[in-house]
Each structure stands twice: as structure tokens, then as C-alpha cells.
Amino acid sequence: MNAQIRLTEEETKALAKEHGTPLLVVSTKRVTENYQYLKRKLPRVEVHYAMKANPDEHIVRTLADLGSCFDVASAGEMEALTAMGIAAARIVYANPVKTAEGLETAKRLGIHRFTYDSASEVDKMAAVIPGGEVLLRVRVENPEALVDLNKKFGASVGEALELLRRARDKGLCVKGLCFHVGSQSATADAYVRALKQCRDLFDLAAEEGMHLTTLDIGGGFPIPINGQDINLDEMTETIQKYVDELFPDTELWSEPGRFLCGTAVQLITQVIGVKNRDEQVWYFLDEGVYGSFSGIFFDHWNYEFVYFKDGEQHPATFAGPSCDSLDILYRGHNAPALEEGDLILVPDCGAYTSASATTFNGFAKAKSIVWETENTKSYTVLKNEQRHFIADAV
Ligand SMILES: *Cc1c(COP(=O)(O)O)cnc(C)c1O
């Protein structure tokens, strides 16, 4: 795993001066390193980037050039990839419940790989795209995940065989199974449980003459967060060991979102107002929960703030620029004394941030630029132990 990248104070100031704030600073080099890390650690697994994590064109194009495939959930995402020249054969429409527009768009664009987890979905797919290739999404238990997608998706083991049969009987091409252990999974445990569960289902399906050939192990790969012990090397090695043991001949896919883009983007935001209210200092920023900090609500994420200021830290409230009282990022968040115009750098801000930003109240979405480490030698690379993260350097 790669150490965190951070702009220095000088770089942050120079970029803010040149481009204004709020500003998203994208490193496509870091996207490349993240992709290569997964390919190196899980060499048999074909990567399908889940673009909902961050549909930024620079990120998508970087991954496309590296040979990545893509995981999409809507007509809009299919159209966006197609407009960038990405072939239909590299796209899987992995929303278990598809819209009529989505299926028509898939048909028109030649996208013919899907996931599903219900009987009614089989009928919908069979009607629009006869012979389409399908993976059944199965439910896996993982209460430890930061965002547990299994509350919403995945057929139970009890339903699985019936759903595979139904897809076959309706003329679809049943390729295999998929699962998603939930986002930001800290250990391999849930993957191992899911792999064993899928092996059993592969065997049961084979007994009925259905030879499954593909297994999609989903996303969920974590990025480092302070205070969470994550050993991604060990995690990926464990997953690799189990897929080799349980699925030696199966075609393997994955659908990482957060892991590929999360550490590749840094946000620069600015203090636009300071006031005292209820005995606490309030800092108003030019980016809030309706913008890139939407991840505070939608992604349950706790962002790291880099202040470039020394001095004693006191609990402060951080609010966004809109006129809604919901637009409060943090209360009682320790910070040094800040002034209007001070810049705050937010590293590891690439996943589920700008993707779910809105223009509520007329505030434009943060501008995004590509800016690479080659521009300077002064990128600060934090030591792994500072990040509570054990890793191998690239
Ligand atoms: C969101 C999503 C992903 C990506 O999950 P990460 O935790 O960001 O890796 C992958 N597959 C599907 C079907 C998803 O909905």
C-alpha cells in the first residue's frame, strides 16, 4: 500500500492562488499506483472501477488507459463512459435493480453483462437483452464495514439456486456470482466468509448442471484512516490465498471504488468567516456538506484537516457556506486559532466526496485540477506508522 500524499503549505498556497478555492487536486499518478497495487497483489483479478466513487474524467481516463474495466449503475454512467470511448465489453451494469432506461441504454450501447438479486429482475433483463450474461449478487454478512451494502442488496443463500435456475430458464447466460462485503472493510474476514459461501453455491449449481465460470469479489478495499488498523498487504494476501484454493479455475473480477480514487485527491478549502457563538468559535469554510463534504453524511467519513498553523488547539465548530443549519461539518473539532483567508488541506478526499456534491444554494461544485508529484520534490510522504497503516512502498 502507498503512503499518504500531502501538498506542502507552499504548494497549497500556490495552487489556491492560481486556481481559487474550494479546489480538488487530483493525482492521476496516485490512481495509477493504486491500480497497479491491486494488480500486483491480486494478479488474477480483473479490476472494474466502480465509478460512483468518483466519476472525474481524469480518474476514469487514467484507469481506462491502464486497462481497467468499469462497474456502472445507471444510464448516465454508461453514457459517460461511452462518450469517453470506453468499449461496451469493458462495462458491467452492476445495479441489482435496473431502470427501464438503464436497460434500454445498455441494449443500445451493447453492454451485455449484468448483476441481479431478484426474480423480477431476471424477467426484466430477459425481456430487453435476451442471452445477456448475468452474475447473481449474494448477500454476505459484514457488520464491521463502514457502509454495509448488504442491508440493501444480495440474495440469501436459500434463494440463490432458485434465482440461478430462473435466469437460466429465461434464456440468460448465467456466468456466476458476485458479492460486496461493504465499503471500507478493515480485514479479509468478510471476504473469506463470502468466498466460502460462494464455493458452496458453485458446487450446488454444478450438481444441477450449471457450471459457473465467473466470481466477482466486489469492492470494499479500504484506504488508511487515522485510528483504524488496516493491513492491506495482509488482507490482499489472504484473499489471494483463498481464491487460489477455492477458485483455481474461475475468472475473477473485482469492483473497487474507494481504494482506487480515495487517496488520489486532496481538497483545499478556505476559511471565509469566523464568529463566536455559544462559547465556541465557529469557522465557516467555502466548502460544506452540500459540496465535497457530502461524504460526512453519505459516507460516514471523518476527514483529516491540515491547518498549516501551530499553536494551542481548541474545540471549534466547522460550517459550510450555505444558509442551511444542516450545513455543519464538525462540532468540537480541535483546531488552532484560524483567521479568514486561512487555507485548510484535506488529504485522502477522493472517494464519495465530489461524486455526491450538489450545487445547493447556488454554490458551484469545487473545481478539480490534475497536479502531479513530479511538479515538485516537496510532497510530504507520511511515515506508515503515523497513519496506523502497515504497508509496502511502491
Ligand atoms: C459502491 C459499489 C462498489 C464500490 O465499493 P467501494 O467500497 O468503494 O470499493 C462496487 N460495487 C458495487 C456494486 C457498488 O455498489
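Both ligands and their constituent atoms are indexed starting at 1 by order of listing. Along the sequence shown, residues are numbered consecutively beginning with 1.
Between the Glu11 side chain and the Thr8 main chain, a donor and an acceptor come within less than 3.5 Å of each other.
Counted by atom type alone, Trp282 and Gln280 present zero donor-acceptor pairs between their side chains at under 3.5 Å. Side chain to side chain, Glu251 and Thr213 fail the donor-acceptor criterion of an N or O pair below 3.5 Å.
Here Phe259 and Tyr37 bring their ring centres to under 6.0 angstrom of each other. Taking the six-membered ring for Trp and the full ring otherwise, Phe293 and Tyr303 have centroids separated by under 6.0 Å.
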Show me the short polar-atom pairs for ligand 1: any N or O of it lying under 3.5 Å from a protein N or O, with distances only.
from, atom 1, to, atom 2, distance (Å)
ligand 1, 5 (O), His180, NE2, 2.8
ligand 1, 7 (O), Ser183, OG, 2.4
ligand 1, 7 (O), Gly220, N, 3.1
ligand 1, 8 (O), Arg258, N, 2.8
ligand 1, 8 (O), Tyr352, OH, 2.6
ligand 1, 9 (O), Gly220, N, 2.8
ligand 1, 9 (O), Gly257, N, 2.9
ligand 1, 11 (N), Asp71, OD2, 3.3
ligand 1, 11 (N), Glu255, OE1, 2.5
ligand 1, 15 (O), Lys52, NZ, 2.7

Check the pair Thr263 / Asp348 against side chain to side chain donor-acceptor pair (under 3.5 Å), numbers first and verdict last.
CA-CA 4 Å; Thr263 54; Asp348 297 342; 5.1 Å; no

